[in-house]
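In what follows, chains carry the letters A, B, and so on, assigned in the order in which the sequence lines appear, proteins first and then strands, with residues in each chain numbered from 1. Only a predicted model underlies this, so the values are computations on that prediction, with no experimental measurement involved.
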Amino acid sequence: MIDIKLIREKTEFIKQRLASRHGGDESRIDEILALDEQRRKGLARAEALKAERNRASKEIGALMAKKDLAAAEQKKTEVAKIGPEIKALEEEIARIEAARESLMLFLPNLPQESVPVGKSAEDNPVVRVHGGQPEFAFKPKNHIELCESLKLVDFARGAKLSGSGFLLYTNWGARLERALIQFLLDLHTTQHGYTEVSPPLMVGPQCLMGVGQFPKFKDQYYGVAEGDKAGALGKLYLIPTAETPVANIHREEILAEKQLPVRYCAYTPCFRGEAGAAGVGTRGMIRVHQFDKVELIKIVKPEHGADELEQMVANAEKVLQLLGLHYRVVLLCTGDMGFASAKTYDIEVWAPGQGSYLEVSSCSNCEDFQARRMSLRFKSETGENKFPHILNGSGTALARLFVALIETHQQADGSVVVPEPLRAYLKAERISAA
RNA sequence: GGAGAGAUGGCUGAGUGGCCGAAAGCGCAGGUUUGCUAAACCUGUGAACGGGUAACCGUUCCGAGGGUUCGAAUCCCUCUCUCUCCGCCA
């Protein structure tokens, strides 16, 4: 959520930054300001009335203590009419506030000034490239062919169980997936200083609200447990990413400054209902409704946000370097950024069988946008409560990493050589047809 | 799922209609004393929003929401969560 004070004080600046992004909705700013003005006026009036009532009530108490009952009774009748007036006013304020709030929840974050202005993915500058495209003395297979010949994934039966977009990993495929998860968690916990957590896979709507997935993108997520099992939180949702529960761990808390930075990593499956775009990626493992991911989350002091983002990208890149994969890092332009983000780097790994780059990581600094929504603060040394920056990044998404890995390391005989750092986890050096 | 108990400040825990933003203790911060440490003593110590250059002022907050009342931590209703016991269960 954007700071309402900033909207009041730097209205034009906000509008201009919002306009630079896709779906910026800067047209709503004036509406928000009008509601805000009304709310503040109403609040001032209600508070004045309450002050009056409090004063009178105190007097009544004093009169009764002096046994001056007649005077007390008279005072009571005078004050009695203030109550309903306050109530009516408060109901009006609540309506106005709800309207302002719901508009504000639909405003995306402001892009940082360093983010290039652009319309779509085509305007994203490539920041750096690691390695080169591997060359093959034979025609490389794509991952679907490899999965079928090596029996790593049973696409047909996955679809039979749950529909298209769900995968049944089998034998070495399942083991490779598990080995990758273990490898990634060990890397980030032992080498990169993250603390591992394992969160719930179903969360209440306020978690999605907190990170900015609700209310605007509500239809993209799977809901569960409607009806008799819906508890205090209401309906529960399958998490679209570990970011959703993990970033909310400290929701509505005030952390001590010395607790920062907080760095978490978590492995979870991720569930996404987004309809597969027609054509590209509907087959195979590139775009599925359920996939595994190891996620990195940081909560840091605002002045460290920029550095921490660079480090996070480097942590994710390390994964691809260790696995011997060619990749590039792109900086998302204003038009291509996610709703909550102020600055995002994507890491795209090369998949020779596809002949294209696949996004396997997206690292964002959401600044205080999410912290505001979830009311997560820290107390500075001067005693002020401040909003920290919250960062999230994939480290990395699994299904696509799996694709790049087998396509890159495939051999002329149809087998796949396991990269050295993964061998101890997989307990194999090569995956071959049985 | 059944029965009971509870939810108050960083923590423990008093408070059954006005003198309560809330006793007391612990913790924490500052100070006095002291060769150092410790101890003792004194003082202070929640948050949000609004107004003011500021000292400061106003409003709200005792699990959440509603009600009664001139006035609610305190009375009434609903909900949630936690704990204990029983049942069931990976």
- prompt: Can A:Glu317 and A:Tyr327 be counted as having a side-chain donor-acceptor contact under 3.5 angstrom?
  reply: yes

field: RNA chain B: 5'-proximal contact among A:Ser57 and A:Ala46 (nearest heavy atom)
entry: A:Ser57

query: Under the criterion side chain to side chain contact (heavy atoms under 4.5 Å, CB included), which of A:Ser362, A:Pro111, A:Cys366, A:Cys363 is the partner of A:Thr344?
result: A:Ser362

message: Just by distance, no angles: are the side chains of A:His389 and A:Glu367 close enough, under 3.5 Å, to form a donor-acceptor pair?
response: no

- request: Indicate, with a heavy-atom threshold strictly under 4.0 Å, whether A:Ala56 touches base, sugar-phosphate, or nothing.
  value: nothing

message: Rounding to an integer number of angstrom, what distance separates B:A22 and B:G87 when you compare their C1' atoms?
response: 42 Å

task: Flag the pair A:Leu376 / A:Ile390 as yes when at least one side-chain heavy-atom distance between them is below 4.5 Å, and no otherwise.
output: yes

B:U8 versus B:A23 - spacing of their C1' atoms, nearest Å: 12 Å

task: Assign each of A:Lys76 and A:Glu91 to its nearest nucleotide of RNA chain B by heavy atoms, then name whichever residue's nucleotide is nearer the 5' end.
output: A:Glu91

query: Between B:C70 atom C1' and A:Asp68 atom CG, what is the distance in whole Å?
result: 15 Å

- request: Mind calculating the distance between CE (A:Met64) and P (B:C70) to the nearest angstrom?
  value: 11 Å

task: Can you tell me the distance, in whole Å, between the CZ atom of A:Arg53 and the P atom of B:G58?
output: 16 Å

Shortest non-hydrogen contact between A:Gln112 and A:Arg17, atoms and distance: O-NH2, 2.7 Å

Separation of the P atoms in B:G4 and B:U60, to the nearest angstrom: 37 Å

query: Are any of the side-chain heavy atoms of A:Tyr222 and A:Tyr237 separated by less than 4.5 Å?
result: no

- prompt: Over how many whole Å does the gap from A:Ile86 atom CD1 to B:U60 atom C1' extend?
  reply: 12 Å

- request: Only stems of 3 or more consecutive Watson-Crick or G-U pairs count here, both distances under 3.5 Å; name the ones for RNA chain B, or none.
  value: B:1-7 with B:80-86, B:10-12 with B:24-26, B:27-32 with B:40-45, B:46-51 with B:56-61, B:63-67 with B:75-79

field: Nearest-Å distance once atom C1' is located in both B:G71 and B:C20
entry: 13 Å

- line: When rounded to whole Å, the CD to P distance for the pair A:Glu97 and B:U60 reads 15 Å

query: Does the side chain of A:Asn54 get closer than 4.0 angstrom to OP1 or OP2 of B:U59 through an N or O atom?
result: yes

Enumerate the protein-to-nucleotides 47-51 of chain B contacts in which both atoms are nitrogen or oxygen and the separation is below 3.5 Å.
residue: B:A47; atom: OP1; partner: A:Lys379; partner atom: NZ; Å: 3.1
residue: B:A47; atom: O3'; partner: A:Asn385; partner atom: ND2; Å: 2.9
residue: B:A48; atom: OP1; partner: A:Asn385; partner atom: ND2; Å: 2.7

- prompt: Can a salt bridge be assigned to the pair A:Glu31 and A:Arg28 using a cut-off of 4.0 Å between side-chain N and carboxylate O?
  reply: yes

- request: May I ask you to test the A:His250-A:Arg377 pair for a side-chain heavy-atom distance under 4.5 Å?
  value: no

statement: Looking only at B:U60, B:G58, B:C70, the nucleotide nearest the A:Ile60 side chain is B:C70

Side-chain donor-acceptor contact under 3.5 Å, A:His188 with A:Tyr264: no

Euclidean distance for C1', B:G6 against B:A90 (whole angstrom): 30 Å

field: Between B:A72 (P) and A:Lys58 (NZ): distance, integer Å
entry: 13 Å

Separation of atom CG in A:Leu63 from atom P in B:G18, rounded to whole Å: 16 Å

message: Give me the distance, rounded to whole Å, that separates B:G9 from B:G25 when you measure between the C1' atoms they each carry.
response: 14 Å

- request: Can you tell me, in whole Å, how much space there is between the C1' of B:G46 and that of B:C42?
  value: 23 Å

task: Output yes when A:Arg95 and A:Glu92 qualify as a salt bridge under the 4.0 Å nitrogen-oxygen rule, no when they do not.
output: no

message: If the cut-off is 4.0 Å, is A:Lys87 near the phosphate of B:G67, judged by side-chain N/O to OP1 or OP2?
response: yes

query: Whole-Å distance between B:U59 P and A:Arg55 CZ?
result: 8 Å

message: Just to be sure I understand the rule, does A:Lys75 reach a base, reach only the sugar-phosphate, or reach nothing, if contact means heavy atoms closer than 4.0 Å?
response: nothing

side-chain hydrogen bond (donor to acceptor under 3.5 Å, both in side chains): pairs with one or both residues in residues 292-313 of chain A, sequence neighbours excluded: A:Thr241-A:Lys293, A:Glu257-A:Lys301, A:Arg263-A:Glu308, A:Tyr267-A:Asp292, A:Lys293-A:Glu295, A:Lys298-A:Glu308, A:Glu310-A:Tyr345

query: If we take the C1' atom in both B:U80 and B:G31, what is their distance in whole Å?
result: 46 Å

